[in-house]
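Numbered from 1 within each chain, the chains take letters A, B, ... in sequence-line order.
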Number of protein chains: 2
Amino acid sequence: MYDRAMPAETESGHRHSADTGWAHRALRELSQRGYRAGGARSAVIELLAEEGGCMEAEDVAERIRERGRSVGTASVYRALSLLSELGLLHKLALPEAPVRYELVRPGGEHHHHIVCDECGKTVLFSDERLEAAIAEVSRRAAFEVQAHDITLHGHCQSCQEAA
Amino acid sequence: MYDRAMPAETESGHRHSADTGWAHRALRELSQRGYRAGGARSAVIELLAEEGGCMEAEDVAERIRERGRSVGTASVYRALSLLSELGLLHKLALPEAPVRYELVRPGGEHHHHIVCDECGKTVLFSDERLEAAIAEVSRRAAFEVQAHDITLHGHCQSCQEAA
DNA sequence: GTTCCTGCAAAGGTTTTGCACCATA
DNA sequence: TATGGTGCAAAACCTTTGCAGGAAC
């Protein structure tokens, strides 16, 4: 499997810093819908906000424990599922890898992924023409389309050089 | 999980009929690369050619057995892996579902997927403008992009009516 | 005849579930 | 205080691996 320590980057190269806005919105949403924010849930939210998302469930649990908080694996899975159901996280599925969870930010602004099939490094991108084309296809489809995922596969520069 | 009995359809609604061209190419490719075509491998190839692909490994095994041929599950997984490595199959990963395998036809002509998040029904589509936009993004990316996957998510007409 | 494929069974890795205890609102 | 969240352990699920026997070339 891929190197899980690798954080997702934007194409310009810099990481997101702690997204406290997302964390607050998540906590508010939970409370508004009658869910409680116990230790595991709030730890998951805090961690994802700080790491910027795009992590596997196991990574989330591991990092929470590295920070001295103990958490049950099952509770992490349950928290991630709930946050996904509430539309606060997006699940990214790739072949040969566990699902990754990403922050969903409000306003429909979103991104897509370029994944290195060698090492799993993931870079984010967004493109207006692509979105326009997707919107047009969605309009014409018989389905009521609510979301879309685009993943480019290839090799990152390090893996190209190594080959 | 989704209803596995549902075959993939094109947007115009008709199924592919047995793709003997693909089957012949697969068998030729195996033999050219020094692989043998034993019972399990040829059964997998034959079944996929007839069903048109987009199936889970377990479905493939099940259908082969329904046709009276006995096959080991492990052999089905091994055959699917090999065919993927040889570029004869494409792996489609979705959250909450096992990987599905699809026929890869020569000439680069390919399609993408619209999946019903309710029942798992999958419809294929292709769009030139979308491909052009993807090509442009790929050209500009730091990665050497070799492939791409696009999946639209939503609800099919039956599930819309049921809701 | 040799090599490789196959099938079974067992193991591996990820995710879910059951249940008793405990914390949140 | 009542409800629902948490953690542990066990199970479920999908996929891979080990190995002995058998088939393909």
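- The separation between Lys91(B) atom NZ and dC14(D) atom C1' is 12 Å, rounded to whole Å.
- Between dC25(D), dT16(C), dT17(D), one nucleotide has an atom nearer to the side chain of Ala74(A) than all others, and that is dT16(C).
- When the C1' atom of dC25(D) is taken as reference, atom CG of Leu27(B) falls 15 Å away, rounded to whole Å.
- With rounding to whole Å, Glu56(A) atom CD is found 7 Å from dT14(C) atom P.
- Remark: Arg67(B) does not engage Glu62(B) in a salt bridge, criterion side-chain N to carboxylate O under 4.0 Å.
- Once rounded to the nearest 0.5 Å, the distance linking NE2 of His113(B) with CZ of Arg100(B) reads 8.0 Å.
- Rounded to an integer number of Å, the gap from CD of Gln32(B) to C1' of dC25(D) is 16 Å.
- The two residues Trp22(B) and Leu89(B) come nearest to each other via the heavy atoms CZ2-CD2, 3.6 Å.
- Each of Tyr101(B) and Gly38(A) was assigned the nucleotide of DNA chain D with the nearest heavy atom; the assignment lying further toward the 5' end belongs to Gly38(A).
- Side chain Arg41(A) to base dG4(D): no donor-acceptor pair is found below 3.5 Å.
- What separates CG of Leu83(A) from P of dG5(D) is a distance of 12 Å, to the nearest Å.
- Put simply, the side chain of Leu94(B) does not reach to within 4.5 Å of the side chain of Lys91(A), judged on heavy atoms.
- Side-chain contact between Phe143(B) and Val123(A) is present, with heavy atoms from C-beta onward closer than 4.5 Å.
- Checked by atom type and distance alone, the side chain of Ser138(B) pairs as donor or acceptor with a backbone atom of Ile134(B) at under 3.5 Å.
- The side chain of Ser75(A) contributes no N or O atom lying less than 4.0 Å from OP1 or OP2 of dG5(D).
- By the side-chain hydrogen bond (donor to acceptor under 3.5 Å, both in side chains) test, Asp149(A) pairs with His90(A), His153(B), sequence neighbours left out.
- Atom CD1 of Ile45(B) and atom P of dC5(C) are 12 Å apart (whole Å).
- A straight line from CZ of Arg65(B) to P of dG7(C) spans 9 Å, rounded to a whole angstrom.
- Residue Tyr77(B) has its side chain nearest to dT16(D) when only dT2(C), dT16(D), dG18(C) are considered.
- Here the nucleotide nearest the side chain of Arg36(B), chosen from dT2(C), dT6(C), dT15(C), is dT2(C).
- A salt bridge links Arg33(A) with Glu29(A); the closest basic N to acidic carboxylate O contact falls under 4.0 Å.
- When distances are taken from the side chain of Val71(B) to each of dT16(D), dG7(C), dT14(C), the shortest belongs to dG7(C).
- If you check every strand for non-hydrogen atoms under 4.0 Å, Ser70(B) touches sugar and phosphate atoms only.
- Residue-to-nucleotide proximity on DNA chain D shows that, of Ala37(B) and Gly39(A), the 5′-proximal contact is made by Gly39(A).
- A donor N or O paired with an acceptor N or O is found under 3.5 Å between the base of dG7(C) and the side-chain atoms of Arg78(B).
- The distance between atom CZ of Arg33(A) and atom P of dA25(C), rounded to the nearest whole Å, is 17 Å.
- Fit an axis to the five pairs at each end of the helix from dG1(C)-dC25(D) to dA25(C)-dT1(D) and the two axes sit 40° apart, to the nearest 10 degrees.
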